[in-house]
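Scope of the values below: all heavy atoms of this structure, side chains included, with no hydrogens, waters or symmetry mates. Count residues from 1 along the sequence.
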Amino acid sequence: MSLPINLIQFIASVHPYDSLPELDLKALAQACQAQEFSANDVVYSVGDTATHLYIIAAGEVEITDEIGVQLSLLGPRNSFGERALLRGETSTRTAVSVSKATLIAVPKNQFYALIKAHSAVAKFFDRRRPPAPAQSDPTTTPVERWMTANPVTCAPETSIREAARIMRDRRISTICITDGVDLKGLVTLRDMNSRVIVDGKETTDEIASIMTSEVLTLGPSELITDALHLMVEQGVGSIPILEDGKLVGIITQTDLTRALTVTSADLVGRIAKATTAEQMAHVTGDIPQLLVQLVDAGNRHEVVTRLITDIADTVTRRLLALAEDTLGKPPVPYVWLACGSQGRQEQTGVSDQDNCLILSDAVTKSDMPYFEALAKFVSDGLDTCGYFYCPGNMMATNPRWCQPLSIWQGYFRDWIATPDHEAQMLASVMFDLRAIGGDESLFEGLHIDTLKAAAENSIFTAHMVSNSLKHHPPLGLLRGLATIRSGDHRNQLDLKHNGVVPVVDLGRIYALEGQVTQVSTRARLEAAVKRGLLSKSGGDDLLDAYDLIAMTRLEHQATQIKLGETPDNYLDPSDLSDFERSHLRDAFVVVKTMQSAAGSGKGALG
């Protein structure tokens with residue numbers, strides 16, 4: 001039967017199939033069958049054997065669970081039925097056409113071939129798999145999650161000496177030899193030792209003369225256990241990863257070790273033993289993979305960010321200890337504090353540094369050079385470890401934020417008494433302070449006294465509420481999703497400034513009103529409910545909304561890391577299904593509603 005061209009065009013317009021090469025797209029369309037359903041027709045029921053993935057071309061389909069509770073109502077361009085296919089089990093859902101519907105049925109073998117051959121398709125459906133259990137086995141995860149993306153390469157005519165220099169400078173044990181397109185071979189440090197040093201090969205010869213040209217390779221969707229078995233069986237330490245014949249990554253024994261052993265405790269232990277910032281930087285370089293592992297294991301967002309923040313805290317304390325080893329004993333007591341995401345214990349895969357120093361009032365002018373050097377040592381070390389300098393200079397290296405306790409008391413007193421724009425901004429940042437190292441007693445009294453004074457000043461709290469409403473959830477007309485209109489992130493959502501920050505701001509206001517000492521956003525919201533500052537129903541809705549937004553942000557960053565990209569906070573909503581977009585929009589509506597209540601004077605009690 002001839003294939004209607006409109007079927008190919010339709011599938012080509014649906015994500016993620018729009019990423020397929022033309023030949024693969026045509027093969028998919030030829031394997032599919034358009035099926036017509038009348039209203040209330042059952043597509044499949046609980047207990048049915050999973051045979052197809054379905055793409056809705058027209059109409060709507062309702063998905064219900066075992067007891068008939070609606071899970072989703074899907075419209076055109078949505079895919080469904082993948083749950084049972086991915087699990088390899090009979091269906092635990094029922095799908096019924098709500099109205100007359102046209103469905104594109106993709107046979108399960110074609111579906112399996114798609115996710116194995118195309119990482120974009122695998123990535124899309126990977127987001128929709130059921131959460132892995134907390135004790136998930138990393139050996140059953142795809143190679144692409146742990147491989148080094150965009151591996152270091154050189155041309156076949158590169159000299160052995162130059163290739164060795166590249167390997168030394170990039171601190172790698174294997175270099176891939178390519179002609180710019182195809183993989184020609186690879187060279188390891190063992191090759192350098194046996195074929196150059198031992199055999200006396202001239203270092204001016206071409207690297208191609210010592211490379212291994214018959215190279216074992218794997219695809220990105222193969223499992224970690226496949227790589228492990230191949231390395232053991234064949235006695236190799238590196239395996240290039242090819243997709244559609246192109247080099248997309250490499251996995252080494254070091255990567256496998258990291259996949260099997262990376263934990264936050266492991267990173268903390270290695271940092272505690274480091275003697276330089278550079279050594280710590282090698283450890284913090286594993287944080288992205290730790291984030292992926294924690295997210296894939298189904299951990300809640302506040303657990304993931306707490307563990308990642310613990311690593312930053314350890315780095316900071318280790319740098320303080322090294323600074324004292326270098327500079328000598330401090331002349332007076334001090335406390336190093338973090339604010340921002342580290343202060344709230346909410347760091348993700350993207351973090352700058354926000355910190356300050358509070359010094360004992362016994363400090364003298366002659367003591368200040370010591371603390372200036374201490375601040376520079378620690379801030380420079382944090383930057384080396386990937387916690388880049390604060391663009392707003394909110395760091396202890398700024399003399400304004402390295403002052404005696406009495407000066408800090410004056411800062412907060414003035415901000416509360418005269419809540420102008422700068423005072424509101426600074427107070428918002430400083431209300432998230434958390435002691436990291438040093439004499440914490442210098443901060444305890446200041447924290448409690450400041451919360452009390454701020455809560456008792458109605459003018460200040462009103463200004464803080466107004467300031468907290470400046471970050472808006474990304475909602476447009478009719479409360480649809482509003483993306484960024486121009487620039488590098490056009491048509492994307494900012495999950496930080498328009499996603500989590502509005503909730504963070506609300507949490508800070510509740511903490512201020514209730515003199516809540518907790519600094520993490522979720523703890524502040526929970527405390528607000530307990531103290532009656534936030535109604536039970538309103539609090540539950542806001543917590544659920546925050547959880548969804550924060551988790552979406554982490555999952556987005558984890559997906560970027562798996563693809564070898566630098567994690568950021570910008571999400572293209574087209575990467576989500578209609579079902580996922582609908583829930584995210586609903587979460588933003590909840591945040592907007594709570595902002596409106598706070599701004600109207602009803603506040604937490606509305």
Side-chain angles (χ1 to χ4, degrees), residues 131-132 134 136 138 141 145-146 258-259 261-272 274 277 279-319 336-355 378 381-390 432-437 495-496 499-501 503-504 507 518-524 546-547 549-562 565-571:
S136 60
T141 58
R145 297 187 185 178
W146 296 101
R258 184 183 301 123
T261 63
V262 168
T263 65
S264 58
D266 171 56
L267 268 59
V268 165
R270 289 158 60 193
I271 290 167
Q279 289 178 6
M280 282 183 264
H282 285 302
V283 182
T284 56
D286 287 338
I287 289 177
Q289 297 301 339
L290 174 64
L291 185 148
V292 169
Q293 186 168 311
L294 291 171
V295 170
D296 284 351
N299 289 288
R300 294 178 57 86
H301 68 90
E302 69 269 24
V303 173
V304 177
T305 57
R306 171 62 184 269
L307 293 177
I308 290 177
T309 305
D310 284 349
I311 296 167
D313 291 354
T314 304
V315 169
T316 305
R317 285 190 287 267
R318 185 60 183 146
L319 287 169
W336 182 282
L337 303 109
C339 46
S341 60
Q342 185 182 0
R344 296 189 306 274
Q345 297 178 303
E346 294 169 357
Q347 287 191 315
T348 65
V350 187
S351 298
D352 61 357
Q353 56 174 292
D354 299 283
N355 46 60
V378 177
L382 288 170
D383 182 69
T384 297
C385 292
Y387 306 99
F388 52 88
Y389 298 118
C390 173
D432 293 346
L433 283 175
R434 182 172 59 89
I436 305 298
L495 292 176
K496 178 181 178 181
V500 297
V501 167
V503 188
V504 168
Q518 290 97 326
V519 289
S520 77
T521 300
R522 205 173 200 288
R524 282 171 166 174
Y546 177 54
D547 289 344
I549 296 167
M551 203 66 229
T552 299
R553 180 191 185 198
L554 280 178
E555 289 171 348
H556 165 66
Q557 292 186 2
T559 297
Q560 290 180 303
I561 293 167
K562 294 174 194 176
E565 301 171 0
T566 301
D568 61 28
N569 296 299
Y570 300 99
L571 172 68

*asked:* If I take atom CD from residue Gln560 and atom CG from residue Leu291, how far apart are they, to the nearest 0.5 angstrom?
replied: 10.5 Å
*Side-chain touch Thr316/Asn355, heavy atoms, less than 4.5 angstrom*: no
_Under the side chain to side chain donor-acceptor pair (under 3.5 Å) test against Asp313, which residue among Gln345, Gln342, Gln347 passes?_
Gln342
_Tyr389 to Asp352 - nearest heavy-atom pair and separation_ = O-CB, 4.3 Å
*asked:* Please give me the minimum heavy-atom distance between Cys385 and Val315, naming the atom from each residue.
replied: SG-CG1, 4.0 Å
_Expected output: side-chain Ser351 to main-chain Tyr387 donor-acceptor under 3.5 Å_ = no
*Any chance you could measure Leu337, atom CG, to Asp354, atom CG, to the nearest 0.5 Å?*
12.5 Å
_pair Ile311-Leu290: side-chain heavy atoms closer than 4.5 Å_ = yes
*Are Glu346 and Val500 close enough that some pair of their side-chain heavy atoms sits under 4.5 Å apart?*
no
*In Å and rounded to the nearest 0.5 Å, what is the CD to CG distance from Glu555 to Asp296?*
9.0 Å
*Using atom types as modelled and distance alone, determine if a side-chain donor or acceptor of Arg317 lies under 3.5 Å from a backbone N or O of Ile436.*
yes
*Roughly how far, to the nearest 0.5 Å, is the OG1 atom of Thr284 from the CZ atom of Arg270?*
9.5 Å
_Electrostatic pair Asp432:Arg524 at N-O distance under 4.0 angstrom_ = yes
*Checking Arg318 side chain against Ala274 main chain: does a donor-acceptor pair fall under 3.5 Å?*
yes
*Any side-chain donor-acceptor pair under 3.5 Å between Asn569 and His556?*
no
*Applying side chain to side chain contact (heavy atoms under 4.5 Å, CB included), name anything that partners Thr552, two or more places apart in sequence or on another chain.*
Leu495, Leu548, Leu571, Leu584
*asked:* With heavy-atom distances below 4.5 Å as the criterion, would you say the side chains of Phe388 and Gln353 are in contact?
replied: no
*Passing option when Val295 is tested against Lys562, Met551, His301 for side-chain contact (heavy atoms from CB on, under 4.5 Å)*: Met551
*Roughly how far, to the nearest 0.5 Å, is CD of Glu302 from OG1 of Thr309?*
12.0 Å
*If every non-hydrogen atom of Gly381 is compared with every non-hydrogen atom of Leu319, which pair is closest and at what distance?*
C-CD1, 3.6 Å
*Counting only N and O atoms by type, is there a donor-acceptor contact under 3.5 Å from the side chain of Gln518 to the main-chain atoms of Ala523?*
no
*Shortest non-hydrogen contact from Thr314 to Ala272?*
CG2-N, 4.5 Å
_I need the minimum non-hydrogen distance between Leu433 and Cys339, along with the two atoms involved._
CD2-CB, 3.8 Å
*Would a 4.5 Å heavy-atom cut-off, applied to side chains only, mark Arg522 and Arg300 as touching?*
yes
*Residue that, paired with Pro288, satisfies side-chain contact (heavy atoms from CB on, under 4.5 Å) out of Ile561, Ile308, Thr566*: Ile561
*asked:* Nearest 0.5 angstrom please: Tyr570 OH to Gln557 CD, how far?
replied: 11.5 Å
_Close side-chain approach of Leu294 to Val303, heavy-atom, < 4.5 Å_ = no
*Provide the closest heavy-atom pair for Gly343 versus Val519 in the form atom of the first, atom of the second, distance.*
O-CG2, 3.1 Å
